[in-house]
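Any value given below was found using the heavy atoms of this structure, including those in side chains, with hydrogens, waters and symmetry copies removed. Quick caveat, the model's predicted, so the values are computed rather than measured. The sequence lines fix the lettering, A, B, ..., with proteins before strands; numbering per chain opens at 1.
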There are 2 protein chains.
Amino acid sequence: MEKQPYVCGLDAAVDVIDGKWKVLIIWALNHQRCRFGELKRLVPGVSEKVLTQQLRELEADGIVHRESYDVVPPKVEYSLTELGEELNTALRPLGAWGKGRMATLAETGRG
Amino acid sequence: MEKQPYVCGLDAAVDVIDGKWKVLIIWALNHQRCRFGELKRLVPGVSEKVLTQQLRELEADGIVHRESYDVVPPKVEYSLTELGEELNTALRPLGAWGKGRMATLAETGRG
DNA sequence: GTGCGTACTTACCTTGAGGTCAGTGGGGGC
DNA sequence: GCCCCCACTGACCTCAAGGTAAGTACGCAC
């Protein structure tokens, strides 16, 4: 969000998914809406601080929707917005490419 | 690279394009093969050190091809490999999404 | 012979993303 | 009564990516 004079659309997209865990968060959210704790479990390795932070950035970018229920104990649900779904769709070919690369890596690199 | 136990293909792909200038380098190389100096001009802001470094990583990942001519003054040409072209193709929907986002940003954010 | 240009390499420094850890408020289990 | 759990927040620290600047080898123009 700091870098408006983008060189190209790719640049703008990368800006949104830039962050160590964001694609994983988006990916996890694609399958279902999640509570904070669930997300933490689905994205192994994130600290709570960073999860919150990246979720906020994603929210600010209009990628995820945050629904807070005013109950005790606290309950918050995250889901992808329509924009987020579109991002996910745009991400799919890249995921497929990466999958192919993983396969190649498995064959040549370690197989 | 450093993170073989990928969560998903997306993860593997992001690993490859991770680096401040890599998508821009790939993008620039999509249009034509380039010499080091040209690339430096096409990707404004990169330092020589980092350009070299990211080019080497991209080369190690099989994305770009480096052709060195043993002449004086030195001449080196970079181009995308077939894998690189595939990556670029996979990147295209993301670029399109980003372009849409740029348009939205221009309308709502500053328009 | 001085300096420029090519394509780097190396040493050193800065910056900020991300990690760690402790704290918050209230209900429920023991 | 005490602690845990929920979903965070804030202070502090680390570390690696990236930036800066100088060096390298050689040919050419001047």
Provide, to the nearest angstrom, the distance between the CD atom belonging to A/Gln53 and the P atom belonging to C/dG19. 9 Å
Just compare C/dT9, D/dA7, D/dC6 and give me whichever is closest to any side-chain atom of B/Thr52. C/dT9
In whole angstroms, how far is the P atom of D/dC6 from the CD atom of A/Glu67? 20 Å
Contact class for B/Tyr78 (heavy atom, under 4.0 Å): base, sugar-phosphate, or nothing? sugar-phosphate
Among C/dT6, C/dG19, C/dG27, which nucleotide sits nearest the side chain of A/Val50? C/dG19
Taking CD from B/Glu48 and P from D/dT24, how many angstroms apart are they, rounded to a whole number? 16 Å
Start at the 5' end of DNA chain C and walk down; is the nucleotide closest to B/Phe36 or to A/Lys49 reached first? B/Phe36
Whole-Å distance between C/dG5 P and B/Arg35 CZ? 14 Å
Take atom CG of A/Asp70 and atom C1' of C/dG27, then tell me their distance rounded to the nearest Å. 14 Å
From CD of A/Gln54 across to P of C/dG16 the rounded distance in Å is 17 Å
Supply the atom-to-atom distance B/Ser79 OG to B/Asn30 CG, rounded to the nearest 0.5 angstrom. 11.5 Å
Establish, with yes or no, whether the OP1 or OP2 oxygen of C/dG19 is under 4.0 angstrom from a side-chain nitrogen or oxygen of A/Lys20. yes
Nearest whole Å is fine: how far is C/dT20 C1' from A/Lys40 NZ? 14 Å
Would you call A/Glu77 and A/Arg33 a salt bridge, taking side-chain N to carboxylate O under 4.0 Å as the test? yes
Nearest whole angstrom, please: distance from the C1' of D/dG18 to the CZ of B/Arg56. 17 Å
Salt bridge B/Lys22-B/Glu57, side-chain N to carboxylate O under 4.0 Å: yes
Any side-chain heavy atom of B/Arg101 sitting closer than 4.5 Å to one from A/Tyr6? yes
Please tell me which of the listed nucleotides, D/dG19, C/dG19, C/dG26, lies nearest to the side chain of A/Ser47? C/dG19
To the nearest 0.5 Å, tell me how far B/Glu48 CD sits from B/Leu39 CG. 12.0 Å
